[in-house]
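Just the heavy atoms: all of them, side chains too, but no hydrogens, waters or symmetry mates, feed the values below. Computed from a predicted structure; not experimentally measured.
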Amino acid sequence: RVWIALPQSTKQPRLEHPPLEVVWLTEKPYQAGVEEYQLDGVTVRIYDREKTIADCFKFRNKVGLDVALEALKEYMRLPDRDINKLMAYAKVDRVKSVMQPYLEILVL
């Protein structure tokens, strides 16, 4: 399965292959944290690291809490981590209260 996040205003994609698991987002969480890159002349939109971690917690029931926790642990090992940015995205995704206790344990 391929996971795809789409804004609520978008129609359901009609693809037979690959099988899609669509997650519908309101505009603010959909737009938050998007960075654009040029790959072979094509603009590709990718969520930044902090938004990806917040999304792991938002969709923890789909990806597993163990995946979200491992992503957070790995993120906390980075020298250029930005916890304020991470928590801002957690607030946008409405998982700040879920993520904060785990973050506090890792910071201590």
Side-chain angles (χ1 to χ4, degrees):
R1 289 206 171 272
V2 175
W3 291 82
I4 184 170
L6 295 173
Q8 289 178 335
S9 60
T10 305
K11 291 182 181 180
Q12 173 83 28
R14 288 196 243 170
L15 294 175
E16 292 182 24
H17 190 76
L20 297 178
E21 185 75 33
V22 179
V23 177
W24 304 103
L25 300 173
T26 59
E27 196 65 27
K28 190 171 182 179
Y30 179 74
Q31 293 294 335
V34 173
E35 295 180 348
E36 291 188 353
Y37 297 92
Q38 289 292 318
L39 301 174
D40 295 328
V42 176
T43 301
V44 178
R45 296 170 42 98
I46 302 172
Y47 288 109
D48 65 17
R49 293 181 299 192
E50 291 81 7
K51 178 65 161 86
T52 301
I53 302 298
D55 284 349
C56 285
F57 277 87
K58 180 179 182 104
F59 301 113
R60 66 193 177 281
N61 293 332
K62 294 179 187 265
V63 301
L65 181 59
D66 57 328
V67 171
L69 292 173
E70 188 62 30
L72 182 60
K73 287 178 193 175
E74 290 297 320
Y75 177 76
M76 291 303 292
R77 292 187 184 120
L78 298 174
D80 60 340
R81 65 184 182 262
D82 185 342
I83 295 173
N84 290 328
K85 188 175 179 183
L86 175 65
M87 294 313 288
Y89 290 136
K91 186 175 179 180
V92 168
D93 277 353
R94 299 182 323 187
V95 292
K96 185 175 179 181
S97 63
V98 174
M99 189 187 303
Q100 194 158 0
Y102 296 109
L103 186 60
E104 288 173 0
I105 289 169
L106 292 172
V107 169
L108 295 177

Just grab all the salt bridge (Lys or Arg N to Asp or Glu O under 4.0 Å) pairs involving residues 17-29, residues at least two apart or on different chains.
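Every pair satisfying salt bridge (Lys or Arg N to Asp or Glu O under 4.0 Å) with a residue in residues 17-29: Arg1-Glu21.
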Output all residues satisfying side-chain contact (heavy atoms from CB on, under 4.5 Å) with Thr52, sequence neighbours left out; order by chain, then residue number.
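Partners of Thr52 by the side-chain contact (heavy atoms from CB on, under 4.5 Å) criterion, ordered by chain and then number, come out as Tyr47.
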For Ala71, enumerate each residue passing the side-chain contact (heavy atoms from CB on, under 4.5 Å) test, keeping only those at least two apart in sequence or located in another chain.
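Per chain and number, Ala71 pairs via side-chain contact (heavy atoms from CB on, under 4.5 Å) with Ile53, Cys56.
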Report whether [X] and [Y] are members of the same hydrophobic cluster (ILVMFWY, side-chain heavy atoms less than 4.5 Å apart, transitive linking).
| X | Y | answer |
| --- | --- | --- |
| Val67 | Phe59 | no |
| Leu86 | Ile46 | no |
| Val44 | Val2 | no |
| Ile4 | Trp24 | yes |
| Val34 | Trp3 | yes |

Sequence neighbours left out, what pairs pass side-chain hydrogen bond (donor to acceptor under 3.5 Å, both in side chains) with at least one residue falling in [range]?
| range | answer |
| --- | --- |
| residues 83-93 | Asp48-Lys85, Asp48-Tyr89, Lys51-Asp93 |
| residues 9-18 | none |
| residues 56-71 | none |

Acceptor/donor pairs from residues 95-108 side chains to any protein atom, 3.5 angstrom cut, sequence neighbours excluded:
none

Do the side chains of Leu69 and Phe57 get nearer than 4.5 Å, heavy atoms only?
yes
ILVMFWY clustering at 4.5 Å (side-chain atoms), partners of Val92:
none
Taking salt bridge (charged side-chain N to carboxylate O under 4.0 Å, His left out) as the test, write out the residues that go with Glu36, two or more places apart.
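In terms of salt bridge (charged side-chain N to carboxylate O under 4.0 Å, His left out), with neighbours along the sequence ignored, Glu36 is linked to Arg45.
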Asp40: salt bridge (charged side-chain N to carboxylate O under 4.0 Å, His left out) partners, not counting sequence neighbours:
none
Which value, rounded to the nearest 0.5 Å, describes the distance between Thr43 atom OG1 and Gln38 atom CD?
3.5 Å
Between Ala5 and Tyr30, which heavy-atom pair has the shortest distance, and what is it?
O-CE1, 3.3 Å
So Tyr75 and Asp82, side chain to side chain contact (heavy atoms under 4.5 Å, CB included) or not? Walk me through it.
CA-CA 9 Å; Tyr75 177 76; Asp82 185 342; 4.0 Å; yes
